[in-house]
There are 2 protein chains.
Amino acid sequence: MSDLLSSIKIEVNPLIYLKDPESSDLGRKILSTSLTMIDELGMEHFTFRKLAKELKTTESSIYRYFESKHKLLLYFYNWYWAWLEYKIVFGTNNIEPSSSKLKKAIEIICQPIKNEKAERENISFSLRSLINIVISESSKAYLIKEVDEENKAGFFLAFKTVVKRLVKIVHEIDPNYPHAHTLVSTCIEGILHQYYFARHLPSLSDVSKDSDQLADIFFHIIYNNLKQQGK
Amino acid sequence: MSDLLSSIKIEVNPLIYLKDPESSDLGRKILSTSLTMIDELGMEHFTFRKLAKELKTTESSIYRYFESKHKLLLYFYNWYWAWLEYKIVFGTNNIEPSSSKLKKAIEIICQPIKNEKAERENISFSLRSLINIVISESSKAYLIKEVDEENKAGFFLAFKTVVKRLVKIVHEIDPNYPHAHTLVSTCIEGILHQYYFARHLPSLSDVSKDSDQLADIFFHIIYNNLKQQGK
DNA sequence: TCTTAATTAAAAGTAATACTATCAAAAACG
DNA sequence: CGTTTTTGATAGTATTACTTTTAATTAAGA
C-alpha cells in the first residue's frame with residue numbers, strides 16, 4: 001500500500017499479518033483487490049477462495065500473508081486510523097485557538113467520507129472502498145469474543161490513538177470536562193454510523209447522503225458540552 | 001417469551017420467523033437457550049448445531065422456526081427494542097417538564113444495562129444475556145449487505161421507533177433543533193458502545209464497568225445542545 | 001376415544017467455508 | 001550460478017449452514 005506523502009509509510013502492527021503484504025507484489029495485490037471485494041461483497045460474503053480466484057492465485061498463497069479474513073480486516077482498520085491520525089496531526093498543527101483545531105480535526109475525520117475526489121494523494125488503492133469498509137465493517141473488528149486478547153496485542157491501538165488526539169484538543173478547550181473519552185469516541189463512531197444511516201436507514205439521521213453538514217453537527221455536539229476557557 | 005406485565009405480549013415482526021417461537025415449547029426453549037449461548041459464545045461461534053445438541057433436538061427442528069441465525073438475532077434485537085419502547089412510554093408518561101422526561105427516558109435505556117437485579121419483572125429468560133447481546137451483537141444485525149431489503153421488510157422498525165420517541169421529547173424541549181435524529185441515534189448507540197468500551201476497551205471511555213453515570217453523561221450531551229423553550 | 005393433522009426426531013446429504021499440509025516450480029538475490 | 005525465498009498446484013480436514021426425506025410422536029377435533 002502506498003502512503004500520504006510518497007516518503008512516509010503507514011505502519012501496521014506486524015502481529016496482524018504473517019508476512020508483510022507491502023513487501024511483495026502478490027501482497028499488494030491482495031490488499032488492493034480484497035479491499036474492493038470486501039466493499040462489494042461485505043465481510044460475510046467475502047472469502048479467501050473468491051479472492052484467490054480473482055487474483056488467479058491460490059488460497060494457500062493468501063494464507064501466507066494473513067491467517068484469517070478477520071486479520072485482513074484488522075489490517076485495513078489499523079491502516080485507516082493510522083493514516084487519519086497522520087492527517088490530523090499535520091492538518092491541525094499550528095492552528096489556534098483550540099476550538100478551531102477541534103473543528104479542523106473533525107473535518108478531517110469527515111472529509112474522506114464527504115468526498116473522495118478531494119483527495120489528490122498518491123494512494124494506490126481505492127480510498128473510497130477503504131472508507132466504506134471502515135464504516136460498514138469495522139465494528140465487527142472489535143465486537144468479538146476475542147476482543148480482550150486482541151486489545152492486549154495492540155490491534156485497536158491506531159483507533160485509540162486518534163481518540164486520544166481528540167481528547168487532548170478537547171482538554172485544551174476545557175481541561176475540566178470529565179467525560180472527554182466518552183464524548184470523543186461516541187462522536188467518532190457516530191460520524192461513521194451517521195454516514196451509514198444516511199445511506200441505508202435514513203430515519204435515524206438528519207443528513208442527506210451527499211451532505212457535508214456532518215462535521216458541523218458533531219463539532220457542535222462536542223463544543224456545546226465544553227466550558228471554554230480563555231479563548 | 002414473557003412480557004413486562006403478564007397481560008402484555010411483545011410482538012415481533014412475523015417476517016423474522018418462519019414459525020412463532022412463542023407458540024410452542026420447543027420454540028420457547030430455542031429462544032431462552034440460544035440467548036444464553038449467544039451471550040457465551042458470541043454470534044460467530046454460535047451455531048444451530050450446537051444449539052440443537054444443547055436442546056437435545058435436531059438442526060432441522062430449529063430451522064423450522066428460524067431460517068438462519070441472523071434472523072434469530074433480529075428476533076432478539078426487535079424484542080429488546082419493542083420492550084424498551086414499552087418501558088419508555090410507560091415510564092415517561094405524565095412526567096413534566098420535557099427535560100425530566102428526557103432524563104427519565106435515558107435512564108430507562110441505561111437501566112437494564114446498569115443493573116439487571118433492579119428488574120422484578122416476570123421475564124422467563126436471561127435479561128442480562130439479552131442486553132449483552134444487544135450491546136455486543138446488534139450492530140451486526142444491520143451492518144450487512146442485505147440492509148436495504150431487510151429495512152424494507154421492517155426488520156429495524158422497533159429500534160427506529162425508540163429513536164422517534166426520543167426525538168419527539170427532544171423537540172418538545174427545543175422544537176427548532178435540526179439534528180435531533182442524528183443526536184438521538186448517536187447517543188443511544190453511544191450508550192451501548194460505552195458499556196462495551198468500559199468493559200473491553202476502557203481507554204475509549206471515562207466510566208468504570210459498574211458505574212451508573214452513563215445516563216447523566218448522555219442526558220447532558222443531548223441537553224446541552226438544545227435551547228430550552230419555556231419550561 | 002378414535003382419527004387425523006400437525007409437530008418433532010432421525011438420518012443422510014450437499015455445497016461452501018475456513019483452514020492446513022506437502023511438494024514442486026519459479027523468481028529473486030547475492 | 002547456486003541458494004534462498006516466494007508462489008503454484010493439489011489435496012485434504014473439520015465445520016458450517018443449510019435441505020430433504022421419512023418415520024415416530026403428540027395434540028386437537030369430531
Side-chain angles (χ1 to χ4, degrees), chain A residues 1 14-34 37-38 40-76 137 140-141 143-146 149-150 155, chain B residues 1 14-34 37-38 40-76 137 140-141 144-146 149-150:
Chain A
M1 266 199 193
L15 294 173
I16 287 172
Y17 50 77
L18 296 170
K19 181 178 163 179
D20 185 359
E22 300 262 30
S23 72
S24 77
D25 219 59
L26 180 61
R28 282 182 295 269
K29 271 192 217 152
I30 287 171
L31 293 178
S32 62
T33 305
S34 66
M37 284 184 80
I38 293 170
E40 273 163 31
L41 302 174
M43 260 292 152
E44 284 66 36
H45 300 298
F46 168 79
T47 68
F48 278 179
R49 174 162 304 190
K50 289 174 187 167
L51 175 61
K53 202 175 175 188
E54 188 75 24
L55 289 176
K56 287 177 184 100
T57 180
T58 58
E59 277 181 273
S60 53
S61 297
I62 294 165
Y63 276 107
R64 249 175 239 120
Y65 289 87
F66 293 100
E67 83 185 41
S68 64
K69 68 177 180 180
H70 174 241
K71 287 283 175 75
L72 178 59
L73 175 62
L74 282 173
Y75 187 95
F76 291 131
E137 313 290 346
K140 300 167 194 166
L143 292 174
I144 50 167
K145 279 291 155 181
E146 297 81 5
E149 302 143 51
E150 296 198 355
F155 292 177
Chain B
M1 267 199 193
L15 293 173
I16 288 172
Y17 49 78
L18 297 170
K19 181 179 163 178
D20 185 358
E22 299 261 30
S23 72
S24 77
D25 219 58
L26 180 62
R28 282 182 295 269
K29 269 192 218 153
I30 287 171
L31 293 178
S32 63
T33 305
S34 67
M37 283 185 80
I38 293 171
E40 274 164 31
L41 302 173
M43 259 292 153
E44 284 67 35
H45 299 298
F46 168 79
T47 67
F48 278 179
R49 175 163 302 190
K50 288 174 187 166
L51 176 58
K53 203 177 174 186
E54 188 76 22
L55 289 176
K56 286 175 185 103
T57 180
T58 58
E59 276 181 274
S60 52
S61 299
I62 294 166
Y63 276 108
R64 246 174 246 118
Y65 289 87
F66 293 100
E67 82 184 41
S68 65
K69 68 178 180 180
H70 175 241
K71 287 282 174 74
L72 178 59
L73 176 61
L74 282 173
Y75 188 95
F76 291 131
E137 313 291 347
K140 299 167 195 167
I144 50 168
K145 279 291 155 183
E146 298 81 4
E149 303 143 49
E150 297 197 355

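Keep in mind it's a predicted model, so treat the numbers as computed, not measured. Chain letters run A, B, ... following the sequence lines, proteins first and then strands; every chain starts at 1.
Toward the 5′ end of DNA chain C lies the nearest nucleotide of B/Lys19, the other residue of the pair B/Lys19 and A/His45 mapping further downstream.
Partners of A/Phe155 under the ring-ring contact (aromatic ring centres under 6.0 Å, His included) rule, at least two apart in sequence or in another chain, do not exist in this structure. Every residue meeting the ring-ring contact (aromatic ring centres under 6.0 Å, His included) condition with A/Tyr63, not counting sequence neighbours, appears here in chain and number order: A/Phe48.
The shortest side-chain heavy-atom distance between A/Arg64 and A/Leu18 does not fall under the 4.5 Å cut-off. Between A/Ile62 and A/Leu72 the shortest side-chain heavy-atom distance does not fall below 4.5 Å.
Side chain of A/Lys69 to backbone of A/Phe46: a donor-acceptor contact under 3.5 angstrom is found. For B/Ser34 (side chain) and B/Leu31 (main-chain N/O), a donor-acceptor pair under 3.5 Å exists by modelled atom type.
Nucleotides of DNA chain D that come within less than 4.0 Å of any heavy atom of chain A span, from the 5' end to the 3' end, D/dT6 to D/dT10.
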Polar atom pairs between nucleotides 18-25 of chain C and protein, under 3.5 Å, N or O only, would you list them?
from	atom 1	to	atom 2	distance (Å)
C/dA18	OP1	A/Lys69	NZ	3.3
C/dC19	O5'	A/Tyr63	OH	3.3
C/dC19	N4	A/Glu59	OE1	3.4

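In this structure, B/Lys56 atom NZ and C/dA9 atom P are separated by 12 Å, rounded to whole Å. Look at CG on B/Leu18: it is 15 Å from C1' on C/dT8, rounded to the nearest Å.
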**Message:** side-chain contact (heavy atoms from CB on, under 4.5 Å) for A/Leu74 and A/Glu150? Distances and angles first, verdict last.
**Reply:** CA-CA 10 Å; A/Leu74 282 173; A/Glu150 296 198 355; 3.5 Å; yes
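Within the structure, every pair that satisfies the salt bridge (charged side-chain N to carboxylate O under 4.0 Å, His left out) test and touches residues 44-62 of chain A, not counting sequence neighbours, is listed here: A/Glu44-A/Lys140, A/Arg49-A/Glu59.
Terminal axes of the helix from C/dT1-D/dA30 to C/dG30-D/dC1 (five pairs each, C1' rotation axis) are separated by 20°, to the nearest 10°.
Residues A/Leu26 and A/Ser61 come closest through the heavy atom pair CD2-CB, 3.9 Å.
Residue B/Tyr65 is in sugar-phosphate contact alone, with no base atom involved, counting any heavy-atom pair closer than 4.0 Å across all strands shown.
A distance of 11.0 Å separates CD1 in B/Ile16 from CD in B/Glu67, rounded to the nearest 0.5 Å.
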